[in-house]
Number of protein chains: 4
Amino acid sequence: MEFKKNQTIYMQIADFICENILTEKWSSANKIPSVRELASKIEVNPNTVMRSYSYLQDEGIIYNKRGIGFFVSDDASKMIKELQRQTFIESEIPDFAKRMKLLDISLNIFEKAFKAV
Amino acid sequence: MEFKKNQTIYMQIADFICENILTEKWSSANKIPSVRELASKIEVNPNTVMRSYSYLQDEGIIYNKRGIGFFVSDDASKMIKELQRQTFIESEIPDFAKRMKLLDISLNIFEKAFKAV
Amino acid sequence: MEFKKNQTIYMQIADFICENILTEKWSSANKIPSVRELASKIEVNPNTVMRSYSYLQDEGIIYNKRGIGFFVSDDASKMIKELQRQTFIESEIPDFAKRMKLLDISLNIFEKAFKAV
Amino acid sequence: MEFKKNQTIYMQIADFICENILTEKWSSANKIPSVRELASKIEVNPNTVMRSYSYLQDEGIIYNKRGIGFFVSDDASKMIKELQRQTFIESEIPDFAKRMKLLDISLNIFEKAFKAV
DNA sequence: GTGGTCTAGACCACC
DNA sequence: GTGGTCTAGACCACA
């Protein structure tokens with residue numbers, strides 16, 4: 001796994017987990033990888049993964065069964081969407097559109113990329 | 001001037017300068033504010049502004065006349081676009097489109113925002 | 001460590017590091033001293049060392065593992081030579097030879113010094 | 001005239017003048033260009049040229065006739081050589097030779113450049 | 001522990 | 001006045 005340097009690693013991991021939940025690769029009520037397992041897989045310090053899990057737990061997206069592991073909450077997808085949609089629409093989209101205009105990038109290019117995902 | 005906390009201040013200042021160049025508020029071959037001047041205006045330490053200027057100078061977007069000040073390069077807009085377009089199209093747009101899909105945000109919403117800028 | 005006053009300290013530190021790499025005192029893929037460590041060793045402000053490291057990182061000569069430290073790039077020696085050889089041969093050598101002639105210094109004197117290194 | 005940025009402009013001008021004296025382009029007892037004249041020719045602030053002249057005057061290489069201008073001293077070449085030879089041989093040559101060795105540059109390359117001047 | 005950023009304040013050379 | 005460098009000291013995120 002590669003990380004961008006303008007964002008903290010633990011947040012990028014959290015995003016990665018959210019993505020897996022939204023795409024249902026990691027589905028509700030199933031156990032997600034242990035801290036050590038994920039850490040060794042993506043070659044990162046276990047503390048860093050722990051931090052991502054703690055953050056998501058605070059947000060209610062995953063929960064912990066002592067001695068067993070972390071699990072995806074029942075309404076995880078819904079919570080993620082609620083958490084991100086508003087700021088996304090109100091803040092990130094306008095900023096993004098503005099940058100596109102400044103760089104002379106047409107709506108077409110974006111539409112193609114959107115449909116290609 | 002207000003700063004977001006998920007990005008470094010000096011990069012936000014650099015972006016701010018690029019924006020001023022792209023919108024031609026600061027035009028080619030004209031002097032831009034001195035380090036101290038801009039620093040006091042946006043209430044930031046001169047060293048921080050200096051860092052932004054140095055970065056932009058390294059990129060060839062502005063240049064320096066000894067003892068006089070910084071000036072916008074002739075082809076600054078072009079360089080900014082070249083610098084940002086590629087990573088923007090190849091990396092940021094796909095990521096952004098992907099997030100939109102995950103959050104169930106339709107293309108319509110984006111188009112409206114784009115036209116509203 | 002002593003510094004000449006006609007050159008900036010941070011560039012002299014960068015040169016010092018390059019020299020250590022070229023002479024293989026600091027070898028590829030090994031960790032180099034931390035910013036604070038080197039700073040206290042050569043009695044300089046950590047910011048100054050940081051600046052040297054950043055410069056060398058921009059040039060690709062060293063790289064950083066987050067939270068761990070700086071490391072010598074695999075092809076560091078090659079990069080240093082590429083970086084310095086061209087300007088050295090095309091610009092510094094002719095200038096130097098010219099000054100020698102102007103000062104009536106014979107090639108012999110230089111050859112002796114060269115062999116004595 | 002182009003200036004290197006790792007050296008002060010007024011010293012580069014002083015070197016330029018010394019060169020002209022050593023090569024006898026500006027010969028002894030002849031008037032050298034006025035401060036303003038040289039300044040406009042090499043596109044530099046007159047203060048900067050004045051500084052170079054003052055420096056050379058302090059060293060005794062040129063002298064001033066009030067209201068008339070600056071002149072090359074009779075023994076200017078000799079003074080320049082005396083001023084520069086010692087530090088050149090004792091300090092600059094060894095440093096230069098050392099850098100050449102580190103960059104794997106052979107004596108041959110230097111010799112060719114020396115003869116080509 | 002590591003790097004990274006920022007502030008405050010100083011000094012210098014140059015224009 | 002201008003940029004450029006350096007110090008001292010602080011705080012933060014990350015491992």
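Letters go in sequence order (proteins before strands), and every chain restarts at 1.
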Novice: With a 6.0 Å cut-off (strictly less than), is the heavy-atom count around NZ of B:K31, excluding the residue itself, greater than 12?
Specialist: yes
Novice: Check the distance between F:dC6's C1' and C:K5's NZ and give it to me in whole angstrom.
Specialist: 16 Å
Novice: Tell me every residue that passes salt bridge (charged side-chain N to carboxylate O under 4.0 Å, His left out) with C:K98, counting only those two or more places apart in sequence or in another chain.
Specialist: D:E19
Novice: Give a yes/no on whether any side-chain N or O of C:T48 is located under 4.0 angstrom from OP1 or OP2 of F:dT5.
Specialist: no
Novice: CD of B:Q7 versus P of F:dA13: gap in Å, rounded?
Specialist: 16 Å
Novice: Do any of residues 31-47 of chain C sit with a heavy atom less than 4.0 Å from DNA chain E, and if so which?
Specialist: C:S34, C:V35, C:R36, C:N47
Novice: Could I get the full list of side chain to side chain contact (heavy atoms under 4.5 Å, CB included) partners for A:P46, not counting sequence neighbours?
Specialist: A:V35, A:A39
Novice: Residues two or more places apart in sequence or in another chain: which of them pass side-chain hydrogen bond (donor to acceptor under 3.5 Å, both in side chains) with A:K25?
Specialist: none
Novice: Mind checking side-chain hydrogen bond (donor to acceptor under 3.5 Å, both in side chains) for B:E92 and listing every partner two or more places apart, or none if nothing turns up?
Specialist: A:R99
Novice: Expressed in angstrom and rounded to an integer, what is the separation of C:Y55 atom OH from F:dG4 atom P?
Specialist: 16 Å
Novice: Residues from residues 61-70 of chain B sitting under 4.0 Å of DNA chain E, heavy atoms only?
Specialist: B:R66, B:G67, B:I68
Novice: My understanding is that only residues two or more places apart in sequence, or in another chain, count here; which of them pass side chain to side chain contact (heavy atoms under 4.5 Å, CB included) with C:K4?
Specialist: C:N6, C:Q12, D:D95
Novice: In a table with atom names and distances, give each donor-acceptor pair under 3.5 Å that connects a side chain of residues 73-83 of chain B to protein atoms at least two apart or in another chain.
Specialist:
residue: B:S73; atom: OG; partner: B:G60; partner atom: O; Å: 2.9
residue: B:S73; atom: OG; partner: B:I61; partner atom: O; Å: 3.1
residue: B:K81; atom: NZ; partner: A:D104; partner atom: OD2; Å: 2.8

Novice: To the nearest Å, give me how far apart CD (C:Q12) and P (F:dG4) are.
Specialist: 18 Å
Novice: Which residue lies toward the 5' end of DNA chain F, A:M11 or B:Q57, if each is placed at its nearest nucleotide?
Specialist: B:Q57
Novice: So does A:F88 get a backbone contact from the side chain of A:S91, meaning a donor-acceptor N/O pair under 3.5 Å?
Specialist: no
Novice: Could you pull out all residues at least two apart from D:T48 that satisfy side chain to side chain contact (heavy atoms under 4.5 Å, CB included)?
Specialist: D:I9, D:Y10, D:I13, D:V44, D:N45
Novice: Could you work out, with salt bridge (charged side-chain N to carboxylate O under 4.0 Å, His left out) as the rule, every residue matching B:D15, not counting sequence neighbours?
Specialist: none
Novice: For B:L56 and F:dG4, what is the distance between atoms CG and P respectively, to the nearest whole Å?
Specialist: 13 Å
Novice: Any pair with a residue in residues 54-72 of chain B that passes side-chain hydrogen bond (donor to acceptor under 3.5 Å, both in side chains), sequence neighbours left out, goes on the list, sorted by first then second residue, please.
Specialist: none
Novice: Treat a base pair as Watson-Crick or G-U wobble with both distances under 3.5 Å, then lay out DNA chain F in dot-bracket form, 5' to 3', with | for cross-strand pairs.
Specialist: ||||||||||||||.
Novice: When you measure from the side chain of A:R51, which nucleotide among F:dA13, E:dT5, F:dC6 comes out closest?
Specialist: F:dA13
Novice: Roughly, in whole Å, what's the span from OH in B:Y10 to P in E:dT7?
Specialist: 13 Å
Novice: Choose from E:dC6, F:dA15, F:dG4 the nucleotide whose nearest atom is closest to any side-chain atom of A:I9.
Specialist: F:dA15
